[in-house]
Amino acid sequence: MPERTATIASRSGLHARPAALFAEAAGEQPVEVTIAMQGDPADEALDAASILSLMTLGAAQGDVVVLRAEGDGAEQALDYLVQVLETDHDAA
Amino acid sequence: MQNFQGVGVSPGRIVGPVRRMPKAVTEPPSGERLDPAITAEAAVAGLKTAAQSVHDGLKARADIATGDGKAVLEATALMARDTMLLKQAAKLINAGTSAERAIWEAAASVAEMLHNLGGYMAERATDVLDVRARIVAELRGVPAPGIPSSETPFILVAEDLAPADTATLDPAKVLALVTSGGGPQSHTAIIARSLGLPAVVAAHGVDEVADGSEIYVDGAAGFVAVAPSSEQRAAAAAWAETSATLAGFDGNGTTADGHPVPLLANVGGAKDAVAAAGLGAQGVGLFRTEFCFLERDTEPSVDEQAAAYKAVFDAFPGKKVVLRTLDAGADKPLPFLTDATEPNPALGVRGYRTDLTTPGVLERQLEAIARAASESEADVWVMAPMISTAAEAARFASLCSAAGLKTPGVMVEVPSAALTAAAVLREVGFASLGTNDLTQYAMAADRQLGPLAELNTPWQPAVLRLVQLTVEGSAQEGGNKPVGVCGEAAADPALAVVLAGLGVTTLSMTARSLAAVGTVLKTVTLEQAQELARLALSAPGATEAREWVRAKLPVLEELGL
C-alpha cells in the first residue's frame, strides 16, 4: 500500500486549526487516507478525515506520522497531504 | 404583572421582547431501542442526514464569523460529520440502539477520550457535546440549542450562558441579558460587561417567561418586570438618552471643581488599545503584557515582544502607557514561568517573584519594552506586579534603569506594600493599586470562590484603608509620586468617587466604563469626594460603605448606574 511519512510543522501540533485544515483536505481526496504515528502498527491507523481521530492522535510539532492510502489517485493524494502537514499553519 | 428580582451585573434600563434560549437537549433514555418499524440502515442514513445538516448550519455560521470564533465554528462543523463519531454511532444502531441514544453514547465516549488527554483537548470535549446536542435536536425536530436567531432585536433570557455563546452573540440583535442562574462572576456577567449590555443574573424563575412577552430590565437594580408599566417605559426611554451621553467620554477626567483625575484604560493588547483610544481614554493605566503571550509554551523573543508592545504604544502617542511586566501565576499560568504544581498558587511564585526561579525573562522583557519605547511616542512607564518589600522595589528599579527605562513603579496588591508604602515609593517613581488582588489578600478570600463573594469586594473598609495608607505613604515619602488604581474598583462610578476622595491620582478601568465614571466624577467637588471617602472608611462593613456612599450620589439612580 502506498505510504508517506511527514513531519508535523505547525507549532500547535496537529490540533485546532491545523487539524481542521488537514481533516478537511483529507476528506476531499478521492481515496480513504489513514494516519498513524511512525512506528505504530498499520492496523491501528486512524481515519485522516476525522478531526476527532486527529485530535486523539496527539501529534506534536516535529512528530513523524505515516499516511497510507490505496486506489486510484492514492499517490497524488498522499503527496498533497504531506505538503499540508509540512506547512506551519500557525505561522500566519 | 410579574416581577423578578435578581442581581444587576451591568447597568442599563430597557424594554423589549423576550427570546428564550432553547432548553438544553435532554438525554435520550439509557437503553432506548431502535423503533422496530425502522431498519438500522434507515436509522444510520437518518443520522447522517441530521449530522450533515448540523454541519451545514455551523459551516454557514463560520462563513460569516471572524477571528477566533470562525476557527472554532469551522472545527465544530467538522466534528458534526466526523467519520469516527458516526461510525461508532452506526455500530450501536446496528446493535439495535435508537439513533438518538447511539449518537449520545458515541459522543460521550469521544468526549471522555478528549477529556482524558487534558489541556486543549479537554476543552474541545465541550464542543463534541455541543455538536451531539445539535444532532439530537435535529433528529427530534426541535430548535437547536444556542442563541436564537431573529430579525429584530430582543432580550435574551436563558438559564445561564456558556463561554461558547459569546462567539455567536450579536450585540446588534441582543438588547439585554437576563438569566435565572449564574452569579456576579458568571460568564453571563463577564460577557455583558465587555459588550456593554444591560444584564441581570440569578433572577429565579425568569426563564419561564413566554417567548415574545415584553419585559422591562434594570441592569443596575437587578430588576425584571413582565408587561412594563408606563413609568418603566419612561425610565427605559430616559436611559436611551443618558446612555447616548454615557456612550462618549470627553477625554477629560475631573471633579466638578476642576481637580484632574485622568481616566485611563486597562488593555491586553493592540486591539484593546485602539478601542480604548477611540473611547477617549487619556492613556493606558494597565497594559497586561502577559495577555499577548497566553497559551504560549515558550518565552516570546525580544523582537516579538517589542513589536507587540509598540503596537499598543502607537495607539497613544504623547500619552502615558503603564506596562505591567509579565504577571504569570495563579489564574494566569505561563508554562515558561510558572510551576503548575504549587499547592497554593495565589501565595506562590507569581508576578515579580518569577524572576527568582526563572531569571532572565524579566530582563529580556525590559529590553523589549525599552526598544519599543524608543521607537514610539508614548510616555512609557513600567511596573512590577506582586511587589512585597522596598528591597524588591529597589531591585526592580535598578533593572529598569539598566535597560534604559526612566519611570519604574510597583503594583500595590500585597498588603505589606501598602503598609510600607513610603519605603517602597522611595525606590520607584509611582505606585498603582491592583484592587482585585489587594482585596483577595487583605480579606484572605480566594477571588475565584463564589461563597466568598461578599468578602471579595473592594468596598471592604479594610481595603479602602489600605488604599488610604498607600496615598499617605506617598505624601510621607515627599516626592509627590503618583498613586493610581487599576483594578475593577475604578470601574464602579461610586467607588471611583471614593478613590478620588482618598487621593488616588489616576483611575484605570475597562474602556467601556470610562464614560460612566467620567460623568459621575464631574458631579462632585474634590471636597465632596473626600467627605464620601471618610464616610466609606467609617462604615462597619462593605455593604454599609456602598449603601451610604450611593445614597449621597443621587446621580447614580438618575442615570441608572
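Proteins come first, then strands; the chains are lettered A, B, ... in the order of their sequence lines, and each starts at number 1. Not measured: the values here are computed from a predicted model.
In this structure, B:Arg124 pairs ionically with B:Asp127, as a charged nitrogen and a carboxylate oxygen lie closer than 4.0 Å. B:Lys87 has no carboxylate O lying under 4.0 Å from a charged side-chain N of B:Asp82, or vice versa, which leaves the two without a salt bridge. Here B:Arg101 pairs with B:Glu105 in a salt bridge; the nearest charged N to carboxylate O distance falls below 4.0 Å. The pair B:Arg288-B:Asp327 does not meet the salt-bridge criterion, since no charged nitrogen lies less than 4.0 angstrom from a carboxylate oxygen.
In terms of heavy-atom pairs under 4.5 angstrom with chain B, the leader among A:Ala20, A:Gly27, A:Ser50 is A:Ser50.
With a 4.5 Å cut-off on non-hydrogen atoms, B:Leu78 touches chain A through its backbone and its side chain both. For chain A, the nearby part of B:Met113 is the side chain; its heavy atoms alone come within less than 4.5 Å.
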